[in-house]
S.K.: 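Before anything else, here's the structure in question.
In what follows, every chain begins at residue 1, and chains take the letters A, B, ... in the order their sequences are listed. Just so you know, these numbers use all the heavy atoms, side chains as well, and skip hydrogens, waters and symmetry mates.
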There are 2 protein chains.
Amino acid sequence: MSSIRVALFEDNFHLRESLYFLIAAEADMECVGAFADCNGLKQNIVAAKPDVILMDIEMPGMNGIEAVAEIKQAFPGIPVLMQTIFQDDEHIFNALCAGASGYLLKSADPQQYLQAIRDVRQGGAPMSGPVARRVLELFQQTVKPESRNHYDLTQKEKEVLAELIEGKSFKMIADSLGISYETVRSHMKSIYNKLHVHSNTEAVIKALKERLV
Amino acid sequence: MSSIRVALFEDNFHLRESLYFLIAAEADMECVGAFADCNGLKQNIVAAKPDVILMDIEMPGMNGIEAVAEIKQAFPGIPVLMQTIFQDDEHIFNALCAGASGYLLKSADPQQYLQAIRDVRQGGAPMSGPVARRVLELFQQTVKPESRNHYDLTQKEKEVLAELIEGKSFKMIADSLGISYETVRSHMKSIYNKLHVHSNTEAVIKALKERLV
DNA sequence: CATTCCATCACCCTATTGTGGGATGCCTTT
DNA sequence: AAAGGCATCCCACAATAGGGTGATGGAATG
């Protein structure tokens, strides 16, 4: 098995050098580029042909989050590992949404860096402990805690609700379900009763937040 | 530092015994219970007082996913580590939604089990590589691929939209923002233009799906 | 200082929704 | 056979929302 080609983006000179030698010293990986900023990002990547990219978030000029978005667009196959001191929701969320495949806190020890590189190369998503936990929590809350609710909606009511959260009007729903406008309205009344809401909008919100469909 | 109290739920006798001795042999942890099913789940937990629970998904009677939901309700502070052979979306998704704090594939080697137990105890969320990657992908897609849209909503427009996804009517929004009904409508018209939608409902859907607020 | 953007409000008219009835026919359960 | 739930439809009336047009004052920009 050939060695893992790692490219590095880190503005801090000392850290960049340290990581370079850390990686270079490993038998199963090599550092094919160490850059201080994202100038000429794409050209650098084309030239270096990395298997994995290690990307700092805080950098002068284009920051790591913008960079990962560009990389994912231009080279969707190359996993990007974020390294950062930030562990607030906003940074984690943005980096992962931008397409990062892993998120390391800089407190991680050298061996964890190396392990994470191997891990991401093999299809994993290495994340420092607290970050992984936050991701899980964000994930769990987007799905809503007290989900498993069920409001005893009938089949037809669910269908109507499903159409509703497509943004359709009653008329359009009537049309696409092949029933009359008045029937749709009738189902809506019933849905309102069961969900304890009093408008289209509230029903949609509840349905989306609680994944009722 | 006192040792980590681990409780074990696993229907397979051999695996259960193996895990028991594996854990018991570690200096920093002890196995305070090894159960073949979820009968008397809560009583067992109360009696064993575990710090961490290791839970198999496939079990006779109550399965691991139902069990984790019950545990999270009754003992929200105890992290639950799922162990399973399943790595399909449905199982991962359900287990994590039910409140699991980690998800290990049974292919994991013994040292990884032990590391995962320590990890989850310290606030991490250990997940086997492919699972972590799937969670990230699910996460990224629930947030919507072509998100990072921003529609240049003004401050006030965002405020109105925020109220809207609370389920409020125009009148209520006018009231709570201290502006007139007509002004709310005015902002709404502008929001519709910017989001390219034509109704309250569509705006709410777009705002929720793309996390515009 | 003219222009543009924004927040604010008003009025008119139409379209869509919300609410409260009620009716029919078809199931399944009792 | 009676009772209940469901899907289907209808009507009427009130409330809310959508679309068009325009006006005002303030802040920011050039």
S.K.: When you compare the side chains of B:Tyr103 and B:Gln83, does any donor N or O come within less than 3.5 Å of an acceptor on the partner?
M.R.: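 B:Tyr103 vs B:Gln83: no donor-acceptor pair found between side chains.
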S.K.: What orientation do B:His91 and B:Phe86 show, parallel under 30°, tilted 30 to 60°, or perpendicular over 60°?
M.R.: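 It falls in the parallel class, under 30°.
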S.K.: Nearest whole angstrom, please: distance from the P of D:dC6 to the NZ of A:Lys158.
M.R.: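 Atom NZ in A:Lys158 sits about 12 Å away from atom P in D:dC6.
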S.K.: Take A:Lys189 and A:Glu157 through the test salt bridge (charged side-chain N to carboxylate O under 4.0 Å, His left out) and record every step on the way to the result.
M.R.: CA-CA 10 Å; A:Lys189 291 176 202 175; A:Glu157 285 159 3; over 6 Å; no
S.K.: Tell me: CG of B:Asp152 to C1' of C:dC6, nearest whole Å?
M.R.: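 B:Asp152 atom CG is separated from C:dC6 atom C1' by 13 Å.
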S.K.: Enumerate the residues from residues 173-184 of chain B whose closest heavy atom to DNA chain D is under 4.0 Å, giving them by residue number; use none for an empty result.
M.R.: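 Residues of residues 173-184 of chain B under 4.0 Å from DNA chain D: B:Tyr181.
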S.K.: When you measure from the side chain of B:Lys171, which nucleotide among D:dT16, D:dG18, D:dA7 comes out closest?
M.R.: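 Between D:dT16, D:dG18, D:dA7, the one nearest the side chain of B:Lys171 would be D:dT16.
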S.K.: Would you check if there is a donor-acceptor pair between the side chains of B:Glu210 and B:Tyr151 at a distance under 3.5 Å?
M.R.: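 Result is yes, a qualifying pair exists.
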S.K.: Test for a donor-acceptor pair under 3.5 Å between the base of C:dC6 and the side chain of B:Thr154, counting only N and O atoms.
M.R.: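 By the distance-only test, no, there is no pair.
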S.K.: A:Ser186 has a side chain; which of D:dG18, D:dC9, D:dC11 sits nearest to it?
M.R.: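 Selected nucleotide: D:dC9.
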S.K.: Respond yes when some side-chain nitrogen or oxygen of A:Tyr192 is under 4.0 Å from OP1 or OP2 of C:dT19, and no when none is.
M.R.: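 No, A:Tyr192 has no side-chain N/O under 4.0 Å of OP1/OP2 on C:dT19.
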S.K.: Ignoring hydrogens and angles, answer whether the base of D:dT8 and the side-chain atoms of A:Arg185 contain a donor-acceptor pair closer than 3.5 Å.
M.R.: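 No such pair is found, so the answer is no.
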S.K.: With a 3.5 Å cut-off and no angle check, do the side chains of B:Thr183 and B:Ser186 form a donor-acceptor pair?
M.R.: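 Looking only at side-chain atoms, B:Ser186 and B:Thr183 do not form any donor-acceptor pair under 3.5 Å.
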S.K.: Without decimals, in angstroms, what is the distance between A:Gln155 CD and D:dA7 P?
M.R.: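 Roughly 8 Å, once rounded to whole Å.
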S.K.: Find the distance A:Asn200:CG to C:dA15:P and express it as a whole number of Å.
M.R.: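 Answer to the nearest Å: 19 Å.
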S.K.: Taking the basic N atoms (NZ, or NE/NH1/NH2) and the acidic carboxylate oxygens, is any pair closer than 4.0 Å for B:Asp56 and B:Arg16?
M.R.: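 Salt bridge flag = no for B:Arg16 with B:Asp56.
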S.K.: If I take atom NE2 in residue B:His198 and atom C1' in nucleotide C:dT14, what distance separates them, rounded to the nearest angstrom?
M.R.: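 Going from NE2 in B:His198 over to C1' in C:dT14 covers 17 Å.
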S.K.: Between C1' on C:dA7 and CG on B:Leu153, what's the gap in Å once rounded to a whole number?
M.R.: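 So the CG-C1' distance, B:Leu153 to C:dA7, works out to 15 Å.
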S.K.: What integer distance in Å separates A:Lys156:NZ from D:dC9:P?
M.R.: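 After rounding, the gap between these two atoms is 10 Å.
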S.K.: Round to the nearest Å and state the distance from B:Phe170 atom CZ to C:dT8 atom P.
M.R.: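 These atoms are roughly 15 Å apart.
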S.K.: Would you mind classifying the nucleic acid contact of B:Ser199 as base, sugar-phosphate or nothing, using non-hydrogen atoms under 4.0 angstrom?
M.R.: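 Sugar-phosphate contact only.
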S.K.: Examine the base of C:dG20 for any acceptor or donor lying under 3.5 Å from a partner atom in the side chain of A:Lys189, and report the outcome as yes or no.
M.R.: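 Per atom types, the contact qualifies.
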S.K.: Identify whether the distance between the nearest side-chain nitrogen and carboxylate oxygen of B:Glu163 and B:Lys158 falls below 4.0 Å.
M.R.: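 Looking at B:Glu163 and B:Lys158, the cut-off is not met.
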